[in-house]
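Since the model is a prediction, treat every value here as computed from it, not as a measurement.
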Number of protein chains: 2
Amino acid sequence: MNKKAAPSPEAIKAWARLMRVSRRLVEKAEDALKEGGLPPLTWYDVLHELAEAGEGGLRPFQLIERTLFAQYNISRLLARLEADGLVEKLPVSDDGRGQTIRITGKGRETRRLMWAVYGRSIADLVGARLSADELDTLAGLLGRLRHPPE
Amino acid sequence: MNKKAAPSPEAIKAWARLMRVSRRLVEKAEDALKEGGLPPLTWYDVLHELAEAGEGGLRPFQLIERTLFAQYNISRLLARLEADGLVEKLPVSDDGRGQTIRITGKGRETRRLMWAVYGRSIADLVGARLSADELDTLAGLLGRLRHPPE
DNA sequence: TCAAGCTTGATGCAATTGCATCTATCGCCT
DNA sequence: AGGCGATAGATGCAATTGCATCAAGCTTGA
C-alpha cells in the first residue's frame, strides 16, 4: 500500500516555502553574528543547552539528543569550544568512558553576547512580521511536523 | 530607536520550531535519497530549475537568484553535474564570459528518479500530517517571512 | 579608443561536514 | 571470572562549504 503517494500541490508548496524560508532566515541570523565578530549559530545551540543545564553540565550524548547534531559533529564542536575556553570537560565518576561538559564563565559571557545579536535577529525576522497569535499558529503547525515517522 | 528589541516568547518559540523542524525534515529527505542511492537535495534543486527552464537553459547567475546558493557553490555544483553528464555547458553568443547551462536527457531522468523518492518524502513528512487548509495556512505564514529586511 | 570599473564565473586554501572505523569502557550473561 | 555485544566518544580521510581573490569579458564615459 501507499505505492505512489504523490504529494499534493499544497504539500509541495508548504514544503518549498519551509525549505526556502528557513534556509534564508538561518543565513540572515548567521550574517548578523558574523558581522558582530561572533561565533556561528551551532556554537550558540550548544552553549544554550549547557547554560540551561547549569553546573551539573551535560554528557555529550545528551547534547546530541537535544540538538540533533551528529555524534562526530558534537565531538569536534566541543573540542573547538574547549579550545576557546567556553566549556570544560570533566571526567565522570561512574562511567570511565564518558565526560561531563560544563559551560565556563567565559562561555556564559559569549552566549550572552551572542544572544544580544541572535535575539535581535529573531525579533526582526520573525517577531516583527507576524502577530503573537500568528506565531502561535505557526508554532503549532510546525509542531505537528516534528517526530517524523520511524 | 529599536535598541533592545528582545524577541517575544512567541517569536522565540516559533523560531525554535522552524529551525528544528526544517533541519529535521531536510535530514529525513536526504536520508531517503541516500537510501535510494540518489544524489543529494542540492542536485535536485538545480535540476528542477533547469528542467523548468527547458531547452533554453539558464545562466549560472540565474540559478543563483532562483536557488539561494552562493556563487562559488553553484560553480562547483555545476562542475559536478557536468562531470556526471546531467547538464551541459554551452557558450553564449552575446556574452563571452558567460555560459548557458542546459539539462541533458540523463539529467531529466535523474531528476525523475529523485522526484519519485523526494516527492514521497514530502507527502509522508508534510502532506500526511496536515490538512490542505492547514498546509495553505502554513505556506501563507511562511510566505510572510520571506524577503527579510535589507 | 581606451582606461576604470563592473559583472560573470572559476579557483586556492582553510574550515567544516560526512562517513567509516577505532579505542575504551560498560553491562550482561554464562 | 571471562567473554560478547552495546555504548561513549575520538579520529583518519574524503567531500563539501566558505572566504578571498582572480581572470576574462563587458560597459561606460572622457
- May I ask you to test the B:H48-B:R111 pair for a side-chain heavy-atom distance under 4.5 Å? yes

- Side-chain contact check for A:R59: nearest option of D:dG9, C:dA10, C:dG18 is D:dG9

- Message: Within the 4.5 Å heavy-atom criterion, are A:L138 and B:T137 side-chain neighbours or not?
- Response: no

- Message: Rounding to an integer number of Å, can you tell me how far B:N73 CG sits from D:dA20 P?
- Response: 16 Å

- Item | Heavy-atom check, side chain of A:K13 versus side chain of B:L135, under 4.5 Å | no

Contacts under 3.5 angstrom, residues 76-91 of chain B side chains, donor-acceptor by atom type, not counting sequence neighbours:
unit_1, atom_1, unit_2, atom_2, d
B:E88, OE2, B:R102, NE, 3.3
B:E88, OE2, B:R102, NH2, 3.2

- Task: To the nearest Å, give me how far apart CG (A:L41) and P (D:dG18) are.
- Result: 13 Å

- Task: Return the value, rounded to whole Å, for the distance between atom CG of B:L63 and atom P of C:dT8.
- Result: 13 Å

- Query: Under the 3.5 Å rule, do the base of C:dG9 and the side chain of B:R76 count as making a donor-acceptor pair?
  - Reply: no

- Using atom CG of A:L77 as one end and atom C1' of C:dT16 as the other, report the distance to the nearest whole Å. 10 Å

- Do B:Q71 and C:dA10 have a side chain to base donor-acceptor pair shorter than 3.5 Å? yes

- Mapping A:R97 and A:P40 to their closest nucleotides on DNA chain C, which lands nearer the 5' end? A:P40

